[in-house]
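For reference, the structure discussed in these notes is given below.
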Amino acid sequence: LWWAHSPPARLPRPPPAAAESCPVGPCGRRAYAPPAERKRFYQNVSISQGEGGFEINLDHRKLKTPQAKLFTVPSEALAIAVATEWDSQKDTIKFYTMHLTTLCNTALDNPTQRNKTQLIRAAVKFLETDTVCYRVEEPPALAELQKNEWDPVVEWVEKRYNVTIGSSTSILGPSIPASTKETFVSHLASYNMWALQGIEFVITQLKSLILSMSLIDRHITVEKAVLLSRLEEEYQIRRWGNVEWAHDYDLCELRARTAAGTLFVHLCSESSTVKHKLLQD
Amino acid sequence: MAALGAPLRTLRALLRELRHAAGRSYRDSPAYRHVLAAFRAHRVTSEKLCRAQQELHFQAATYLCLLRSIREHETLHREYHGRGERSPQEVAGLVGFRLPQQPGGKG
């Protein structure tokens with residue numbers, strides 16, 4: 001496992017003069033160079049409240065979505081988090097790190113043009129191919145690990161929603177009764193459109209409706225949900241070794257996206273009230 | 001409820017992450033102030049298992065996970081994937097060749 005034990009060889013920095021002798025395409029750039037990154041063009045990021053909700057201001061300009069709509073979010077905490085994302089960009093803007101902004105843009109633009117019913121249907125459909133329902137038979141250590149780690153979560157969800165799910169070792173997966181699907185459909189219908197976008201995003205990242213629901217219901221943390229989603233991968237890593245530039249890279253990305261999705265759901269569906277109790281003498 | 005540990009620990013880690021993200025004036029950033037205000041508001045409660053407090057703690061832990069994993073992902077990206085493409089000189093140099101020098105522009 002040479003790659004696991006020694007760091008990869010460092011590439012030397014290309015000297016500036018090398019640019020002239022590269023294969024030059026019609027636009028004058030190197031053939032496979034990535035597109036030039038957008039530099040940070042603003043000094044200050046601030047939040048203001050408009051009619052539709054909270055808006056983000058980059059210097060004096062208002063932030064817009066990719067489809068040129070005004071960027072408005074319903075929750076102040078979410079607006080603050082988005083503003084922090086924009087503020088934490090250093091010289092260049094790295095859109096792939098701005099998960100909350102991306103989620104807000106998706107909710108505002110709805111590029112796939114799905115309505116609430118379609119979103120819910122897509123989310124519940126994942127139950128048929130839910131990761132925690134698909135068990136292996138060998139190696140026995142992995143089967144045991146799946147039983148010990150996944151069974152409690154499945155049982156918790158079954159108890160919480162009063163449904164039957166079960167698990168299966170066959171290639172077709174478990175047969176989910178229609179009443180289970182209906183329970184989830186009616187539960188998800190209680191969330192608003194924004195929160196549903198977030199839920200569907202988390203399900204797509206974790207590849208599991210069960211893990212997503214127990215995460216959104218605060219039964220497990222993001223780190224635990226990601227660990228359970230990647231259980232087989234973690235087992236293989238423990239067996240064969242960890243490759244930092246692949247395994248850790250994917251792990252961090254999955255954690256970031258799942259955390260962003262979960263936070264998005266909670267910030268879009270919360271209503272906080274502070275009740276002041278009178279002190280009794 | 002998820003096993004989260006002490007709220008103070010989460011708060012300190014979260015503030016540290018915000019410091020990394022913001023830079024110089026992190027204490028004036030809206031996120032820093034909002035997090036501190038939220039934790040202060042939920043500190044005093046007469047109930048043992050205050051649901052709002054636990055919800056806040058979970059949200060803080062989630063946000064902490066988000067900021068931390070973005071920073072780690074960024075570090076890994078810069079270290080392993082951010083180098084870009086090799087130039088033709090370097091590619092030739094990998095196997096010990098040198099590109100021919102031809103007068104008139106080619107090569």
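First the proteins, then the strands, lettered A, B, ... as listed; each starts at 1.
- Residues Leu66(B) and Ala256(A) share a closest heavy-atom pair of CD1-O, 3.2 Å.
- The environment of Arg160(A) atom CZ is dense: over 12 non-hydrogen atoms of other residues, nucleotides or ligands sit within 6.0 angstrom.
- Contact annotation for Glu244(A): both backbone and side-chain heavy atoms come within less than 4.5 Å of a heavy atom of chain B.
- Leu18(B) touches chain A through its side chain: at least one heavy atom from C-beta onward sits under 4.5 Å away, while N, CA, C and O do not.
- Top candidate by heavy-atom pairs under 4.5 Å with chain B, chosen from Ser46(A), Ala77(A), Ala259(A), is Ala259(A).
- The NE2 atom of His20(B) sits 12.5 Å away from the OG atom of Ser88(A) when rounded to the nearest 0.5 Å.
- Note that CD1 of Ile70(B) and NZ of Lys94(A) are 12.0 Å apart. Values are rounded to the nearest 0.5 Å.
- To the nearest 0.5 Å, the span separating OG on Ser25(B) from CG on Asn44(A) amounts to 8.5 Å.
- Among Pro30(B), Ala61(B), Ala22(B), Ser29(B), the residue with the largest count of heavy-atom pairs under 4.5 Å with chain A is Pro30(B).
- Interface remark: of the candidates His99(A), Glu76(A), Glu253(A), Glu253(A) forms the most heavy-atom pairs closer than 4.5 Å to chain B.
- Contacts between Ala79(A) and chain B at a heavy-atom distance below 4.5 Å are absent for every atom of the residue.
- Heavy atoms of other residues, nucleotides or ligands lying less than 6.0 angstrom from CZ of Arg9(B) number 12 at most.
- Applying the 6.0 Å contact sphere to CZ of Arg12(B) captures no more than 12 heavy atoms from other residues, nucleotides or ligands.
- With a 6.0 Å radius and a threshold of 12 heavy atoms from other residues, nucleotides or ligands, Arg98(B) has its CZ atom at or below the threshold.
- Of the inter-residue distances, the one linking Asp250(A) atom CG with Leu76(B) atom CG reads 10.0 Å to the nearest 0.5 angstrom.
- For NZ of Lys159(A), the number of neighbouring non-hydrogen atoms (other residues, nucleotides, ligands) closer than 6.0 Å is 12 at most.
- Within 6.0 Å of atom CG in Asp91(A), 12 or fewer heavy atoms from other residues, nucleotides or ligands are found, so the atom counts as exposed in its surroundings.
- Under the 30°/60° scheme for interplanar angles, the aromatic rings of His73(B) and Tyr249(A) are found to be tilted.
- Using a 4.5 Å cut-off between heavy atoms, Thr84(A) contacts chain B through its side chain alone, with no backbone atom that close.
- In this structure, CZ on Phe58(B) lies 5.0 Å from CG on Leu215(A), to the nearest 0.5 angstrom.
- Interface remark: Ala31(B) contributes backbone and side-chain atoms alike to the contact with chain A (heavy atom separation under 4.5 Å).
- Once rounded to the nearest 0.5 Å, the distance linking OH of Tyr63(B) with CG of Leu267(A) reads 9.5 Å.
- Both the backbone and the side chain of Thr62(B) come within contact range of chain A, with heavy atoms under 4.5 Å apart.
- Of the residues considered (Arg68(B), Glu72(B), Glu74(B), His34(B)), Glu74(B) shows the highest number of contacts with chain A, using heavy-atom pairs under 4.5 Å.
- Applying the 6.0 Å contact sphere to CZ of Phe97(B) captures no more than 12 heavy atoms from other residues, nucleotides or ligands.
- The contact between Ala81(A) and chain B is made by backbone and side chain atoms together, counting heavy-atom distances below 4.5 Å.
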